[in-house]
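Report on the following structure.
Lettering follows sequence order; numbering is per chain, from 1.
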Protein chains: 2
Amino acid sequence: MKRKIIEEITSAQKILEAARKEFARHGLDGARVDRIAHKAKVNKAMIYYHFHSKDNLYQAVIDDHLSQIGSFIEHTISEEPNIEKLLLQLAYFYNEILTKREDFVPIFLRELATGGERMRMAFKKMITEKGFHTKLKQLMDRGKESGQFREMDSLQAIISFLGMNMYYPLTASVINTVWEIKDEKIFREKRPTEVVNLFLYGLIKR
Amino acid sequence: MKRKIIEEITSAQKILEAARKEFARHGLDGARVDRIAHKAKVNKAMIYYHFHSKDNLYQAVIDDHLSQIGSFIEHTISEEPNIEKLLLQLAYFYNEILTKREDFVPIFLRELATGGERMRMAFKKMITEKGFHTKLKQLMDRGKESGQFREMDSLQAIISFLGMNMYYPLTASVINTVWEIKDEKIFREKRPTEVVNLFLYGLIKR
DNA sequence: CATATATATCTAACCATTTAGTTAAACTAA
DNA sequence: TTAGTTTAACTAAATGGTTAGATATATATG
């Protein structure tokens, strides 16, 4: 067995990184195994040695993304029982994930286009394990009961909140042109607070 | 020249319809010309006779979608100077477009994934021609000046509104599972009013 | 009206390339 | 010696696109 010194990058890693970019740019069908091999500077057979098939490699790329997102959740979102802070954490989380992990956005979009089968369950698991599902709903329902929030459908509101957060980073390539957003960076940075303000202002009873 | 009686479906139409479905399911790279020919029940060469290339056919499908969306805008959204009614019209418009024209959603998502080059300009043209860009911003800015609305970034708010409207229909396949939405139909129907209420409530000064 | 002609529509068979995946042998380190 | 790692060359199938010719229809002409 060839010993791999820790600092050395294994060919499996090189393949995975090249694949991440290739699949992001071209999707599963548009991606070319030869191109991945070339970019990773490994022999094509190495891809089949380590990953067995193109589909398998693609799934590995997705799993890698999901696990990194999972661990990012861990040290971004605390057990926060204050709804304002929780919403702000979530807003920053979505913004970061979709802004910094650029390669993930096109993969996510294309997965949605094919029904999202590959990610559905992973996301569900993530969210139920962290308890967002119940926690967010609870906080909103409690707000309604206490009279702090107005009457509305909590789930509809939550989906609206997600939409406010995720829509722009997912569609920026088109939105920037259509709505003439010149400084994308600043616009992105301002999003989380702007979104949370609008949302909370839209909930709190007057 | 073969005379085409009005009721008869031309082979070009049959191809376009089959292509619409094929490209929606599989994307440009995943789509198979042979499969389109088979589904349209025409000889494969007919596709090249009428559309010259696979790329060209794909663009024809997109153009068809865009023109149908364009004409749908025409008789859905009136010259409405009342912001509440305008927002409601927009909310219904987005909901209808993304719910009834199912084939468009995956194409839109995949186009976003590749940078949206093919649609960017068409959308920009649509929106500037109808004057939404300036009109919406104007109405919001006027609302702020008159003291009806609170202080906020109009453009950020508009993008939030778009996100609230479009995010769910674009991601329903995943969202329904993750957030345990059982009756998708009812959830979709309730969206427009729910979204407009949240948005306006979030804007109006208290 | 009949015939010739140009033009649009359509088909079966074909082709050049590309592509995912394989193989058998070589190399490397414990 | 053993087991993991790497390579060059190869293959079978799929795929976008072509071609040469057939068929039908409109139009012009005598």
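A straight line from NZ of A:K14 to P of D:dT5 spans 13 Å, rounded to a whole angstrom. The separation between A:Q13 atom CD and D:dT6 atom P is 12 Å, rounded to whole Å. Atom pair A:D34:CG and C:dT19:P shows a separation of 7 Å (rounding to whole Å applied). Straight-line distance from the CE atom of A:M46 to the P atom of C:dA25: 19 Å, rounded to whole Å. The distance from atom CG of A:D29 to atom C1' of D:dT15 is 13 Å, rounded to the nearest whole Å. The separation between A:N43 atom CG and C:dT22 atom P is 14 Å, rounded to whole Å. Nucleotide D:dT15 holds its C1' atom 14 Å from the CG atom of B:D55, rounded to whole Å. Between B:I47 atom CD1 and C:dT11 atom P there is a gap of 12 Å when expressed in whole angstrom units.
A sub-4.0 Å separation between OP1 or OP2 of C:dC10 and a side-chain N or O of B:Y49 is absent. Dashed line: the shortest gap from a side-chain N or O of A:R32 to OP1 or OP2 of C:dA20 is under 4.0 Å. Contact between the side-chain N/O atoms of B:S53 and the OP1/OP2 oxygens of D:dG17 is not found at any separation under 4.0 Å. Taking side-chain N and O atoms only, B:S11 has no distance below 4.0 Å to OP1 or OP2 of C:dT9.
The pair B:D34-B:K44 meets the salt-bridge criterion, since a charged nitrogen lies less than 4.0 angstrom from a carboxylate oxygen. By the 4.0 Å N-to-carboxylate-O rule, A:E180 lies close enough to B:K124 to be salt-bridged with it. Salt-bridge formation is detected for the pair B:D55/B:R118: a Lys NZ or Arg NE/NH1/NH2 atom is positioned less than 4.0 Å from an Asp or Glu carboxylate oxygen.
Closest approach to the B:K44 side chain among C:dC10, D:dT7, D:dG17 is made by D:dG17 (side chain taken as heavy atoms from C-beta onward). The listed nucleotides are D:dT6, C:dT22, D:dG17; the one nearest the side chain of A:Y48 is C:dT22.
Counted within 6.0 Å of CZ on A:R25, heavy atoms from surrounding residues, nucleotides or ligands total 12 or fewer; the atom is thus considered open.
No donor-acceptor distance shorter than 3.5 angstrom exists from the side chain of A:N95 to the backbone of A:E189, with no hydrogens or angles considered.
Nucleotides of DNA chain C nearest to A:L28 and A:A45 differ in position, and the one nearer the 5' end is that of A:L28.
Among the heavy atoms of the strands, none lies under 4.0 Å from A:A12. Nucleic acid contact for A:A31: sugar-phosphate only, since backbone atoms but no base atoms lie under 4.0 Å from a heavy atom of the residue.
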